[in-house]
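All chains are named by letter (A, B, ...) in the order of the sequence lines, taking the proteins before the strands, and each is independently numbered beginning at 1. All values derive from a computational prediction rather than experimental measurement.
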Amino acid sequence: MFRIDLIYSTVKTSLTLRRLSEVFVIMVENSPSPLPERAIYGFVLFLGSQFGFFLYCLWAYVPEEWLHSVGLTYWPQKYWALAMPIYLLVALMVSLVVLFGINMNNTAPLDSVDNITDVFAQGQRSDCYRKGGIPRLEDVSISEVNKMFYLSSET
Amino acid sequence: KQNHDVSSAMEDEALSNISGKAISLDCQTHSSFCREFTVSSPKMSIGKVMVYTCSVWLLAYGVFFFTENTTVLSSAILITLTGMMLHIHFVKVDHESLLVIGSLGIQLSSSYASGREVTTFIEMSRIKDIVINEAVYLNQIIYYLCVLLKEPSEPNVVSSVVPLFQSSKPRLNCLAKVYKSCQEILSKCQ
């Protein structure tokens, strides 16, 4: 029975080690460093976007009659060749302003309790620590902080 | 006996608000448990008033020049006058004061440029503490003095916050003086 226990614990340790090494390998592959595959993806995207732009210019400049004569009839109106880029640029500028606005709207005003404390700080328990040990990490109340900063600097 | 202390005259540092304009702090010790702090904002300068009025009237005259409509001129005059009256009555604060009476309460009052005074009294049983807090205000982080209120039934929980000196917004050196003075009274009477 003793030997079975030993074998079982050895097998379990080796399995754990293997799982750890697999996790470690996955963590190495998630780094943002340049890799050959990433270079290929980037170049493919670059070529694809240039070709897409060429097709867009082709559709915007070729007259409707030529497109109809080839057989391509169901394309959007040429009005959208100008309207879509303008819409995108205006949306970009408006979203920049709206982002600042949303940020400022979500900032707590000066008279809100969220600037002083929150649910987590109020709900923390203060259990007594062992004498001589490091006290537990916790939020200090603002009255204590103020006394430390402004009242004890008279030395 | 009263102890009067005007800090802008007696001390080296000049107090300013968060935009850099000079303000003045006046601490009066009425007795050992009663103190009053008054922060005065900078007054309206006559140059600024004249600049605003002249620009509005020039603009109205320019519009009249193109439209030949005399109502533009009279409405510009009316708008300037009513705007100035509303501004000095509702917006422009002359001085704000904080009166701390130990074991009774505190009184906050702001008086506007037209003479109107708005006063609030908070009794001592509702006051948890007066602290200096830092918070995000528009695009910067400012220090401001605030009163933490508590419900008498739950003395350990901050129920609401009342910021002080909101119109004058003094900087940290002025706030630290007021804080130290207030804590001397509050620590005795709580």
### Summary
Filtered by a 4.5 Å non-hydrogen cutoff, the part of residues 129-163 of chain B contacting chain A is B:D129, B:V131, B:I132, B:N133, B:A135, B:V136, B:Y137, B:L138, B:I142, B:Y143, B:Y144, B:C146, B:L148, B:V157, B:V158, B:S159, B:S160, B:V161, B:P163
### Pair A:K147-B:Y179, side-chain contact (heavy atoms from CB on, under 4.5 Å): steps then yes or no
CA-CA 10 Å; A:K147 286 190 180 73; B:Y179 172 76; 4.1 Å; yes
### Query
With the 4.5 Å side-chain cut-off for hydrophobic clustering, are B:V72 and B:L58 part of the same group?
no
### Query
When hydrophobic residues are tied together by side-chain contacts of less than 4.5 Å, even through go-betweens, does B:L15 share a cluster with B:I18?
no
### Query
What are the residues of residues 40-67 of chain A, in order of number, with any heavy atom under 4.5 angstrom from a heavy atom of chain B?
none
### Message
Report, in residue-number order, which members of residues 101-118 of chain B are under 4.5 Å from chain A by heavy-atom distance.
### Response
none
### Message
Using a 6.0 Å cut-off, check whether atom CD of A:Q77 has over 12 heavy atoms from anything other than its own residue.
### Response
no
### Query
Around A:K78, counting heavy atoms of other residues, nucleotides and ligands shown, do more than 12 lie under 6.0 Å from its NZ?
yes
### Residue-level contacts of residues 103-124 of chain A with chain B, using a heavy-atom cutoff under 4.5 Å
A:M104, A:T107, A:A108, A:L110, A:D111, A:S112, A:V113, A:N115, A:I116, A:Q122
#### Entry: Same apolar cluster (I L V M F W Y, side chains within < 4.5 Å links), B:I127/B:L98
yes
### Message
Please say yes or no: joined through hydrophobic side-chain contacts below 4.5 Å, possibly via intermediate residues, are B:M44 and B:M84 part of one cluster?
### Response
yes
### Message
If hydrophobic clusters are built by linking Ile, Leu, Val, Met, Phe, Trp and Tyr wherever their side-chain heavy atoms come under 4.5 Å apart, do B:L99 and B:F37 end up in the same one?
### Response
no
